[in-house]
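Below: one structure, written as structure tokens.
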Amino acid sequence: MNLRKLSYFVSLANHLNYTRAAEENYISQPTMTAQINSLEEELQVKLFERSNKSVSLTASGELFLKNAVHILNYYQSSVQKLRDFDKRQESSLSVGFSGPIASEYIPTLIATFKSKFAKISLNMKKGTLSGITQDLKKGIVDVIFSNQFEIQGHPELDYEVLFESGPCVIINSNHPLANKKYLTLQDLRGERLFATKDHASSELSRSAQILQSGGLQYKDEDIIYDEEVVLSMVAGGLGLFPTSRWYNQYLPYKNNNKCLDLHINVENMKFVIAWQKDNNSFALKQFIDISQNYQWGKYSI
């Protein structure tokens, strides 16, 4: 059985006239007759009573009509949903991210997304935490990777936590403190401490503010924009970098630097994906879903 036969059957059941049913389907009357006969033979059930003057449905035909109409409607609905789904994929999505470590997971995440939604055009934009947050609020980007300290305070934004990580200190491997199992605030007093800052503001980044509230002090000249520069300065033995433990997965100077836990009473850093609450686009929803299912285990430390 095929859908065309079902369509012919429904048409004849509606008109109860072979000629009009044939005209509706742009076929000849003999072809319509042959198709209905073929359907009855296939079902081994008589669907119509025929005479020289009239055509009528049998009891079996009336029962089959209800199912046939349901099947055709379901097929049309399915086709329309499929076409709508395919059309929604012909869209675009702009993703904002910050920091060198983002460059590690971004390629794999993007590749996974593109393998499933090849028609969605993806654009990437790298910037500072505050910069990409402003881009998100302005609609320049659709979604960003950030942390809860940066996103909190923006009621128009929504976010999901992907993983969280406690505080640590990136330290030169030859530093006198490097052999300790962990560090405390007392260990850091008197040390030169680096922090990152946002490009558009002289204020400390939110994460650095949290650590500073725990008693860590920063000099203006040690608040540096580029995290890569900070890590290279630590590798050169110029100071320490209090940050989040997830940097332990990304140490471009692993031969020179190491990551030690910092025992301090501060909230863990939560890595989040954020977007505007009123953005209900298909592309955004799919990207959020894939990000939530990404294997973040090695970062959640």
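Numbering starts at 1 and runs along the sequence shown.
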*Does the side chain of T243 reach to within under 4.5 Å of the side chain of V230, using non-hydrogen atoms?*
no
*Do any N or O atoms from the side chain of N172 and from the backbone of N174 form a donor-acceptor pair under 3.5 angstrom?*
yes
*Backbone N or O of G239 within a donor-acceptor pair of the E191 side chain at under 3.5 Å?*
no
*asked:* With a 4.5 Å cut-off on side-chain heavy-atom distances among I, L, V, M, F, W and Y, is there a chain of contacts connecting V169 to Y182?
replied: no
*From F9 CZ over to L47 CG, what is the distance, rounded to the nearest 0.5 angstrom?*
5.0 Å
*Quick one: closest heavy-atom pair of E62 and L57, and the distance?*
CG-CB, 3.8 Å
*Kindly write out the residues that satisfy side chain to side chain contact (heavy atoms under 4.5 Å, CB included) with K277, not counting sequence neighbours, or none if the list is empty.*
D158
*I would like to know whether Q35 and T31 meet side chain to side chain donor-acceptor pair (under 3.5 Å); could you show each step before the answer?*
CA-CA 6 Å; Q35 290 292 317; T31 300; over 6 Å; no
*Work out which heavy atom in Y294 is nearest to a heavy atom in L109; give both atom names and the distance.*
CD1-CD1, 3.5 Å
*Out of curiosity, H154 NE2 to K137 NZ, how far, rounded to the nearest 0.5 Å?*
5.0 Å
*asked:* Quick one, I36 and Y18 - any side-chain contact, counting heavy atoms below 4.5 Å?
replied: yes
*Can you tell if the side chain of F117 reaches within under 4.5 Å of the side chain of I290, non-hydrogen atoms only?*
yes
_Main-chain N/O of Y74 paired to S78 side chain as donor or acceptor, under 3.5 Å_ = yes
*Stepwise, does the side-chain contact (heavy atoms from CB on, under 4.5 Å) test hold for I144 with E150?*
CA-CA 11 Å; I144 64 173; E150 178 63 32; 6.0 Å; no
*Would V79 and L6 show up in the same hydrophobic cluster when neighbours are defined by side-chain heavy atoms closer than 4.5 Å?*
yes
*Are S165 and W296 close enough that some pair of their side-chain heavy atoms sits under 4.5 Å apart?*
no
_Rounded distance [0.5 Å steps], OH in Y218 versus OG1 in T196_ = 8.5 Å
_Residues which pass side chain to side chain contact (heavy atoms under 4.5 Å, CB included) with Q292, listed by chain and number, not counting sequence neighbours_ = E160, L162, I288, D289
_How close do P242 and F194 get, counting heavy atoms only, and between which atoms?_
CD-O, 3.4 Å
*List the steps and the verdict of side-chain contact (heavy atoms from CB on, under 4.5 Å) for L188 and L183.*
CA-CA 8 Å; L188 301 185; L183 298 178; 4.0 Å; yes
*Count the heavy atoms belonging to other residues, nucleotides or ligands that lie under 6.0 Å from NZ of K114, then report whether that count exceeds 12.*
yes
*Between the main-chain N or O of S94 and the side-chain N or O of K125, is there a donor-acceptor pair closer than 3.5 Å?*
no
*With a 4.5 Å heavy-atom cut-off, do M233 and V229 have their side chains touching?*
yes
*Do any N or O atoms from the side chain of S92 and from the backbone of L122 form a donor-acceptor pair under 3.5 angstrom?*
no
*Is atom CG of N67 surrounded by more than 12 heavy atoms (other residues, nucleotides or ligands) closer than 6.0 Å?*
yes
*asked:* Parallel, tilted or perpendicular: which one describes the rings of Y105 and F271, with boundaries at 30° and 60°?
replied: perpendicular
*In Å, rounded to the nearest 0.5 Å, how long is the span from CG of L177 to CG of D187?*
5.5 Å
*asked:* What I'd like to find out is whether the side chain of L129 reaches to under 4.5 Å of the side chain of N147, using heavy atoms alone.
replied: yes
_Note: R50-E40 ion pair, threshold 4.0 Å (strictly below)_ = yes
*Reported CG-to-CD distance for the pair D278 and E156, which is rounded to 0.5 angstrom*: 9.5 Å
*Considering all heavy atoms, the nearest S173-N255 contact*: OG-O, 4.1 Å
*Are side-chain heavy atoms of V45 and F64 found at a separation under 4.5 Å?*
no
*Taking all non-hydrogen atoms of both residues, which atom of L240 and which atom of I171 are closest, and how far apart?*
CD2-CG1, 3.3 Å
_Taking F48 as the starting point, is it possible to reach L63 by hopping between hydrophobic residues whose side chains are less than 4.5 Å apart?_
no
*Give a yes or no answer on whether the side chain of W275 reaches the backbone of K285 with a donor-acceptor pair at less than 3.5 Å.*
no
*Any idea which heavy atoms bring D142 and L136 closest together, and the distance?*
O-CD1, 3.3 Å
*Without hydrogens or angle criteria, can the side chains of Q29 and T33 be said to hold a donor-acceptor pair below 3.5 Å?*
yes
*Single-linkage hydrophobic cluster V10~L3, side-chain heavy atoms < 4.5 angstrom*: yes
*What is the distance from atom OH of Y8 to atom CD of E24, rounded to the nearest 0.5 Å?*
11.0 Å
*Assess whether side-chain contact (heavy atoms from CB on, under 4.5 Å) is satisfied between Q76 and L72, documenting all intermediate values.*
CA-CA 6 Å; Q76 292 297 332; L72 290 173; 5.5 Å; no
_Does R4 have more than 12 heavy atoms from other residues, nucleotides or ligands lying within 6.0 Å of its CZ?_
no
*Does the side chain of K81 come within less than 4.5 Å of S77's, by heavy atoms?*
yes
*Sub-3.5 Å donor-acceptor pair from the side chain of S291 to the main-chain atoms of F287, do we have one?*
yes
_Flag, side chain of S244 to backbone of P167, donor-acceptor distance under 3.5 Å_ = no
*When you look at L193 and D222, which way does the side-chain contact (heavy atoms from CB on, under 4.5 Å) test go after all the steps?*
CA-CA 7 Å; L193 303 178; D222 294 332; over 6 Å; no
*So among R245, Q148, E164, which one has a side-chain hydrogen bond (donor to acceptor under 3.5 Å, both in side chains) with N268?*
E164
_Between H15 and N17 (side chain of the first, backbone of the second, donor and acceptor by atom type, cut-off under 3.5 Å), is there such a pair?_
no
*Does the N14 side chain pair with the main chain of S11, one donor and one acceptor, at a distance under 3.5 Å?*
no
